[in-house]
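All values reported here derive from a predicted model rather than from experimental measurement. Both ligands and their constituent atoms are indexed starting at 1 by order of listing.
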Amino acid sequence: MEQMPIGLMVHVTDEVKTALDKVQALGIPTAQILFVVEDWLDRSKWAKAAEQLQSHAVKVTAMFVGFAEESYADIPTIREHVGLVPDKYRDARTEKILVMSDFAKTLGIKELAAHIGFVPEDRDSPTYKAVRDAMRKICDYIYDNDQQVFALETGQETARALHGFIHDCNRMNLGVNFDPANMILYGSGNPIEALDLLGHHLLSVHCKDGKWPQQPGTLGTEFPLGEGEVGIENYIAKLKEVGYTGPLTIEREISGEQQLRDIARAKELLERLR
Ligand code: MG
């Protein structure tokens, strides 16, 4: 694969082929695919998905896993419903991720990724230890599935907290999917500086932009790539500095014609900067 190929984050709403056709129509060679886990636990659906994925020109570089009850409406809702951090969801979701690892193996995808929720800052808290143990269980299981790796989406906690968590999990196949805009949207720190700490743990990255929250405790606002406060030129330069050569996966979390226009412009911008 060429260095820093452009990629696109797409959601599977019906079939894998539909999602990848969208990527291909934009002239983008790679994709990360988000699957809502509960739609794909039925193994009888996997062979058709694998056939569509493996015969498609677009190369899939990661499987993102999302859960049916997740909502990103505001910070309290995210705390309550996203990922492995909420106690009420953890055990069941851990088991579901193991099934998705089997699905990824069937598809030939080597990287799984997810938001696991706001990792607690207190490393002695029972929730922190329980999330760490769940993460270890996932890493050990997926390693036995073609040595898969797991990428933690950045941004809901500080880079220091995430770095500490990766260290405490102590698994070689655990790293990050770095999203610079999330650091800004959640008010969790300067993304370029965060790469000094997390640069050695990059498995993949998102190219997304945004502006800081107006008030503490609220979410910032996503903007088209190059129009927010990430500083995309500095971001790409920093990725090169830390030795990252993987896909530059564009993420634009709106829909419709405007999304397609923004993605096309983001692609042009990245092709100039990479
Ligand atoms: Mg992202």
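Closest approach of I192 and K238 over heavy atoms only: O-CE, 3.7 Å.
Residues H206 and F64 place their aromatic rings such that the two centres sit under 6.0 Å apart. With ring centers used as reference points, H11 lies 6.0 Å or more from F35.
Within the hydrophobic cluster formed by Ile, Leu, Val, Met, Phe, Trp and Tyr side chains joined at under 4.5 Å, directly or through other members, V36 stands alone, with no partner residue.
Protein-derived N/O/S atoms nearer than 2.8 Å to the Mg ion (ligand 1) total 4, waters excluded.
Other residues, nucleotides and ligands contribute only 12 or fewer heavy atoms inside 6.0 Å of the CZ atom of R160.
Using cut-offs of 30° and 60° for the angle between ring planes, the H201 and H163 rings count as perpendicular.
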